[in-house]
Protein chains: 2
Amino acid sequence: MGRKLNLEDIAKLAGVSRSTVSRVINGHPNVSPETRRRVLDVIARENFQPNPAARTLVTSRTQVLGIITPQAATSIFTDPYFPTLIQGVTRVANQHDYAVMLWLANTGEDADPLYRRILGSRLMDGVVVASVVDGDPLIPQLIERDFNFVVVGRPTFDNLNYVDVDNRRAARIAVEHLIRLGRRRIGTITGRLDMVAGQDRLNGYKDALLASGLPVEPELIAEGDFSEASGYVGMKALLERGVDGVFAANDVMAISAMRAIREHGLSIPGDIALVGFDDLPMASAVTPALTTVRQPISRLGEMATEALIRLIEGQLSTPYQAILPTQLVIRDSCGAVTRTGR
Amino acid sequence: MGRKLNLEDIAKLAGVSRSTVSRVINGHPNVSPETRRRVLDVIARENFQPNPAARTLVTSRTQVLGIITPQAATSIFTDPYFPTLIQGVTRVANQHDYAVMLWLANTGEDADPLYRRILGSRLMDGVVVASVVDGDPLIPQLIERDFNFVVVGRPTFDNLNYVDVDNRRAARIAVEHLIRLGRRRIGTITGRLDMVAGQDRLNGYKDALLASGLPVEPELIAEGDFSEASGYVGMKALLERGVDGVFAANDVMAISAMRAIREHGLSIPGDIALVGFDDLPMASAVTPALTTVRQPISRLGEMATEALIRLIEGQLSTPYQAILPTQLVIRDSCGAVTRTGR
DNA sequence: GGTGATTTTGAGAGCGCTCCCACAATGGGC
DNA sequence: GCCCATTGTGGGAGCGCTCTCAAAATCACC
């Protein structure tokens, strides 16, 4: 293939100047309709796309967004949460003519140099930050460098842009559902307690018990980390202590808890009622189908990205803080439904 | 924050010229040790990073790789295959100082303009292509534009760079394992037959039957598409027709097939022996634990990326075609193991 | 100590775009 | 028909780098 064309070449072909071609491409108003058409014809015919590096050099805008997730720990990739989020982000970004860069920061120690590299390079106009762990240096660094960013999940700092669901309230509603069904010894398998979502869901669990006059017993709180393995182990522990209901902080843990319960010879929901969180596709596929809290994961990614783009383009003055609704999806694992076949 | 520094500023601070600073940054040999040290000191002190756009403008190298997947259909995101691949790609890319862009082409129809945009912009030095469907215009376009790319999975075109496992042979070994265990009426739930991996695994299934003198019966071949739902439906069909062994073309389908078998009142492996493909984390978590073919997904991503970088940097002359080994992981679902607890 | 080869350094041009400014062409308004 | 606003167009500068080339400094050798 011959070498790439540039603005000057297009200008020559259309019989105008480089400046006019630039105006046409950038939708500048002061171009006569006749000229505009002629230039557009040439651009289409030659399949011309302006060189983004040259453009970036002068505008210092890249039309690139980033997704950064501080802990690409295995747990992130065993459940479809993260891929779904990415899908939402890329969809909106591409719609608005932004490209998306992906950064998975591996461990805590060597994350810092990577962050410096990411944020110091002028590769992106802004980033969506997901799955932040307390104490991670990413957010402080973003603030310090005055970088454009939107967080998915409520951050521990004030006045930041973020999109989240009301985890605490959603968890409370889920546990109150179990209480309403007559369960009295309700345990929970928590998420990572160094993540705000994990803390919030645990607090929602406590809220529900307290509001109903039930005791919050530490021995009924099994600390998990959102992973398959921790759900299984956590459930084993709760089985030792005796429970008639369990709220798991995500579906992945709920489903491995099911396995633990079954291996223990108990039935769901007969002996133990179970509620999860996320409403992953697998939640409706398991037997019994899992009652769970549906959160709009893909929508979270989309809205975070929309907000980020508005931030970049200077259309966002006050902090953008959106809370999306969740929904308790009642299936079989909580025992509320009289079985009517599927 | 004050405005960003450039080479000239660093040069002034170090008492040298812009050219010398450039040489130091790019590791050019002809710089005196003394000067080099002084410049590096200033760079470190000022936390300087050269402007990538300016660099790209002159070198026409971006230090950015892409991952393109033509069908971001839901199925891709319900199983951890894709995320794991991405992880492998980003790890290697970041090690070599490349950033990674992610492109998820949604449907078949509007993919074409997106491809034009992706390939026409000079945003990336090369791409890793995953999950290609037969007839997708991506690969022809990449070839036509002389774009650097490596495919994950054997493509239908010759002489391309790719990394894959020997799906056909792996499938054959899996099915031969069932035959050796005495199964005689073995069905299969196929993957997408418009993807090479799906075709290869089906052919491996046929190979095994033929080599053992067993008939290949069309009614024992249930066409699936790698999705949860299709595994369930496919298994229902096979149950109608009667089987004593099943090879599912991936673990996601194998696990939903388990559900179908259980709902049908049959036991695994007693009545039906089952083998999957992938060895996802969930394969060892289900009961009975799934016998399956382990493929090194993350390694595929890593090797594809290593090859791509070598291609970009001109160190690859002949087509790079790597076949990674698979391994049949024997667990409980095929009935080969005398149960000894977990 | 002088000569030529070699190493080290600096200045200039140019990558392809946007943006500013100047100029040409048009259009009222009296 | 003249003046001033308005619209359309072109040329120049400059974004921050790399790369080529020439000049300056150093070295090796007799």
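A note on names: the letters A, B, ... follow the listed sequences, proteins ahead of strands, and every chain is numbered from 1.
The main-chain N or O of B:V24 is never found under 3.5 Å from a side-chain atom of B:R36 such that the two would form a donor-acceptor pair. Side chain of A:N161 to main chain of A:Y320: a donor-acceptor pair is present (N/O by atom type, distance under 3.5 Å, no hydrogens or angles).
If you measure from atom CG of A:N30 to atom C1' of C:dC20, you get 14 Å, rounded to the nearest angstrom. For B:R55 and C:dG16, the CZ to P distance is 18 Å, given to the nearest whole Å. Between A:Q49 atom CD and C:dC17 atom C1' the separation is 15 Å, expressed in whole Å. Atom CD in A:E34 sits roughly 17 Å away from atom P in C:dA25 (whole-Å rounding). Atom CG of B:L57 is separated from atom P of D:dC15 by 13 Å (rounded to the nearest Å). As rounded to whole Å, 10 Å separates atom P of D:dC17 from atom CD1 of B:I43. If you take NE2 of A:H28 and P of C:dC21, they are 14 Å apart, rounded to a whole angstrom. When the P atom of C:dT8 is taken as reference, atom CZ of B:R36 falls 9 Å away, rounded to whole Å.
Base engagement by A:S19 is indicated by at least one non-hydrogen atom pair under 4.0 Å involving a base atom.
With hydrogens and angles ignored, a donor-acceptor pair closer than 3.5 Å exists between the side chain of B:R23 and the base of C:dG10. Scanning atom types as modelled, one donor and one acceptor separated by under 3.5 angstrom connect the side chain of B:R18 and the base of D:dT18. Judged by atom type and distance alone, B:R122 does not reach the base of C:dG16 through any side-chain donor-acceptor pair under 3.5 Å.
Counting heavy-atom neighbours within 6.0 Å of B:R154 CZ, excluding the residue itself, gives a total of 12 or less.
Projected onto DNA chain C by closest heavy-atom contact, B:V16 and A:V58 fall at different nucleotides, the more 5' of which corresponds to B:V16.
For A:S32 and D:dT9, the shortest distance from a side-chain N or O to OP1 or OP2 is below 4.0 Å. Of the side-chain N and O atoms in B:S22, one or more sit less than 4.0 angstrom from OP1 or OP2 of D:dT18. At the phosphate of C:dA11, neither OP1 nor OP2 sits under 4.0 Å from any side-chain N or O atom of B:S17. The phosphate of D:dG16 has OP1 or OP2 within less than 4.0 Å of a side-chain N or O from B:N6. Between B:N51 and the phosphate of D:dC15, there is no side-chain N or O to OP1/OP2 separation shorter than 4.0 Å. Contact annotation: A:T35 side-chain N/O to D:dT9 OP1/OP2 distance is under 4.0 Å.
Partners of A:R310 under the salt bridge (Lys or Arg N to Asp or Glu O under 4.0 Å) rule, at least two apart in sequence or in another chain, do not exist in this structure. Under the salt bridge (Lys or Arg N to Asp or Glu O under 4.0 Å) criterion, B:E306 pairs with no residue, sequence neighbours left out.
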